[in-house]
Amino acid sequence: MANVIDILKERGFLAQCTNEEELRGLFDKESVTFYIGFDPTADSLHAGHFIALMAMAHMQRAGHRPICLVGGGTGTVGDPTGRTDMRKMLTDADIEHNCECFKKQIARFIDFSDGRALMVNNGDWLRKLNYIELLREVGAHFTVNRMLAAECYKQRWEKGLTFLEFNYMIMQAYDFLELNRRYGCKLQMGGDDQWSNIIAGVELTRRKAGVPVYGMTNRLLTKSDGKKMGKTTGGALWLDAEKTSPYEFYQYWRNIDDADVGKCLALLTFLPMEEVHRLSALKDAAINEAKTVLAYEITKIVHGEQEAEKAKQAAAALFGGGSKAEDMPTVKAAAGTKLLDVLFAGKIVASKSEARRLIQQNGIALNDAKVTDVDYLVKEEDLAGGEAILRKGKKKYFRLVK
């Protein structure tokens with residue numbers, strides 16, 4: 001079997017790694033216990049977490065043991081990485097609820113049977129720490145000037161970095177030490193924006209436990225222009241079907257830029273790399289085949305094969321000229337009703353002024369015909385067969401029903 005580092009490199013995951021030669025040798029000789037942390041900032045994981053989950057799944061398939069660490073402790077502080085303002089403080093009840101939601105979602109990606117993976121909550125140890133004992137055991141190993149130089153804190157200078165958030169790096173580093181002591185964990189993984197925090201954990205664990213441990217980061221999920229992928233007009237692209245429907249999820253990936261197709265096929269599906277290269281090489285109109293495969297494979301991983309098939313059929317019906325798409329978000333509409341009112345009442349837009357602006361800017365189409373009149377009334381013929389397909393912008397579709 002190929003070394004998992006080569007697998008991660010070939011698929012485009014690997015960004016940075018501490019002592020790659022040593023880690024490669026470790027992977028060759030034993031099953032390595034590693035961890036990735038997920039802070040419960042919401043009640044669902046999103047597309048940004050998806051790449052980390054896929055990296056974890058590839059590691060497990062290569063014979064290594066994942067620890068999925070949910071942040072019942074670190075979630076009380078909040079990671080300042082990539083933030084220009086302080087995260088909203090969550091209640092203990094919110095944190096507990098979000099952790100439970102994360103556990104259910106992660107189980108779709110990782111096999112926890114027969115001890116092949118562990119689900120752990122860092123609240124089990126962080127919430128029990130004595131502050132003075134922590135300062136004496138851990139604080140002496142961190143220099144303030146080095147912490148201040150970390151990339152994860154730089155964006156906070158203008159508005160100010162609170163002492164609460166300043167402790168986040170220490171807490172995350174302590175997690176690695178504790179996981180090493182409890183489970184023999186030898187590797188921390190995470191997004192490339194976590195490099196400073198990961199290095200802190202590696203160094204602390206080496207000093208306190210006296211054993212070699214390692215850090216490795218995966219690339220972040222970004223578009224070809226460098227902007228983050230997984231953002232929709234409604235916010236994040238969630239992995240929870242109640243927050244982002246399987247059809248909407250499918251459509252997001254079906255409509256990504258041509259330049260991003262190959263990267264996403266490699267990172268976000270389990271397709272063999274030979275097939276990834278074949279699909280990535282398609283040009284012009286043929287690239288739509290690759291996008292359809294991409295959308296189906298990702299939706300299958302996140303929502304299951306049945307939901308992926310339904311989303312694919314709904315999209316095919318729409319783009320093939322049909323009007324039936326039962327798996328699109330459904331909105332009630334009646335003949336004689338102002339379309340503007342339908343948009344607002346159906347929560348397709350946040351306000352009637354937004355609806356007017358969209359219509360004026362050719363952003364609304366009904367059954368593939370642009371609507372240009374802000375006072376347009378839904379007609380009986382629009383609802384032929386009892387339904388119509390409404391498009392908002394270029395990519396968002398809704399099913400209007402009587």
Side-chain angles (χ1 to χ4, degrees), residues 1-17 20-21 23-25 27-28 31-32 34 36 47-66 108-111 116-117 189 191-192 216-226 229-230 237 239 246 249-309 311-313 315-316 319:
M1 179 182 287
N3 191 289
V4 72
I5 288 182
D6 292 326
I7 295 171
L8 296 178
K9 277 187 173 181
E10 183 184 24
R11 302 195 77 98
F13 284 97
L14 193 60
Q16 299 186 76
C17 180
E20 181 181 326
E21 187 177 348
L23 185 56
R24 183 184 290 274
F27 284 139
D28 280 337
S31 173
V32 176
F34 68 98
I36 298 180
H49 296 112
F50 187 33
I51 189 169
L53 291 166
M54 289 297 290
M56 183 179 283
H58 281 292
M59 288 281 291
Q60 187 178 53
R61 289 179 173 210
H64 306 290
R65 184 174 71 152
R108 300 180 201 160
F109 299 85
I110 304 301
D111 179 8
R116 296 193 68 237
M189 295 175 63
D192 202 35
M216 184 162 65
T217 61
N218 56 260
R219 67 190 295 179
L220 301 179
L221 192 58
T222 58
K223 301 177 185 177
S224 54
D225 61 7
M229 189 176 287
L237 189 70
L239 305 190
F249 188 82
Y250 177 98
Q251 283 297 98
Y252 178 86
W253 301 107
R254 173 62 181 77
N255 290 305
I256 64 169
D257 292 340
D258 294 0
D260 296 321
V261 173
K263 173 176 64 180
C264 289
L265 283 166
L267 291 170
L268 305 179
T269 79
F270 292 114
L271 291 175
M273 286 306 294
E274 295 82 0
E275 180 67 359
V276 169
H277 294 318
R278 183 190 75 80
L279 291 167
S280 303
L282 298 175
K283 302 294 182 184
D284 302 322
I287 195 69
N288 288 324
E289 176 195 343
K291 291 184 180 183
T292 299
V293 172
L294 172 69
Y296 179 82
E297 291 295 325
I298 296 179
T299 307
K300 181 173 71 172
I301 293 169
V302 174
H303 295 295
E305 189 169 1
Q306 185 176 1
E307 290 298 333
E309 194 61 43
K312 182 180 178 181
Q313 290 176 5
F319 291 105

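Small disclaimer: the values here were computed from a predicted structure and weren't measured. Residue numbers count from 1 along this sequence.
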Atom of [X], atom of [Y] and distance for their closest heavy-atom approach:
X: Leu23; Y: Cys17; value: CD2-SG, 3.6 Å
X: Arg65; Y: Arg116; value: CG-O, 3.4 Å
X: Phe270; Y: Ala57; value: CZ-CB, 3.8 Å
X: Ala311; Y: Pro246; value: CB-O, 4.0 Å
X: Gly262; Y: Val276; value: O-CG1, 4.0 Å
X: Asn218; Y: Ala15; value: C-CB, 3.9 Å

Atom [atom1] of [X] and atom [atom2] of [Y]: how far apart are they, to the nearest 0.5 Å?
X: Ile301; Y: His303; atom1: CD1; atom2: NE2; value: 11.5 Å
X: Asn288; Y: Leu282; atom1: CG; atom2: CG; value: 10.0 Å
X: Leu268; Y: Ile298; atom1: CG; atom2: CD1; value: 4.5 Å
X: Phe27; Y: Glu20; atom1: CZ; atom2: CD; value: 10.0 Å
X: Phe249; Y: Glu307; atom1: CZ; atom2: CD; value: 12.0 Å
X: Leu14; Y: Ile5; atom1: CG; atom2: CD1; value: 7.0 Å

Using side-chain heavy atoms (C-beta onward) and a distance below 4.5 Å, is [X] in contact with [Y]?
X: Phe109; Y: Val302; result: yes
X: Lys291; Y: Asp258; result: yes
X: Met189; Y: Met56; result: no
X: Met54; Y: Leu267; result: no
X: Asp257; Y: Asp225; result: no
X: Leu239; Y: Leu53; result: yes
X: Val4; Y: Arg61; result: no
X: Tyr296; Y: Glu309; result: yes

With no hydrogens and no angle check, is any side-chain donor or acceptor of [X] less than 3.5 Å from a backbone partner on [Y]?
X: Lys263; Y: Thr222; result: yes
X: Glu297; Y: Leu265; result: no
X: Asp260; Y: Ser224; result: yes
X: Gln60; Y: Ile110; result: no
X: Ser31; Y: Gly63; result: yes
X: Arg11; Y: Ala266; result: yes

For this session: Would you sort out whether Leu271 and Val293 count as a side-chain contact (heavy atoms from CB on, under 4.5 Å), showing the intermediate values?
Result: CA-CA 10 Å; Leu271 291 175; Val293 172; 3.7 Å; yes

Exercise. Stepwise, does the side-chain contact (heavy atoms from CB on, under 4.5 Å) test hold for Met59 with Ile7?
Worked result: CA-CA 9 Å; Met59 288 281 291; Ile7 295 171; over 6 Å; no

Problem set entry | Check: His58 ring centre within less than 6.0 Å of Phe13 ring centre | yes

Exercise. What's the verdict on side-chain contact (heavy atoms from CB on, under 4.5 Å) for Asn3 and Asp28, showing C-alpha distance, side-chain angles and the deciding distance?
Worked result: CA-CA 6 Å; Asn3 191 289; Asp28 280 337; 2.9 Å; yes

For this session: Would you please test Lys312 and Lys300 for side-chain contact (heavy atoms from CB on, under 4.5 Å) and show each step?
Result: CA-CA 10 Å; Lys312 182 180 178 181; Lys300 181 173 71 172; over 6 Å; no

For this session: Determine whether more than 12 heavy atoms belonging to other residues, nucleotides or ligands lie under 6.0 Å from atom CD of Glu275.
Result: yes

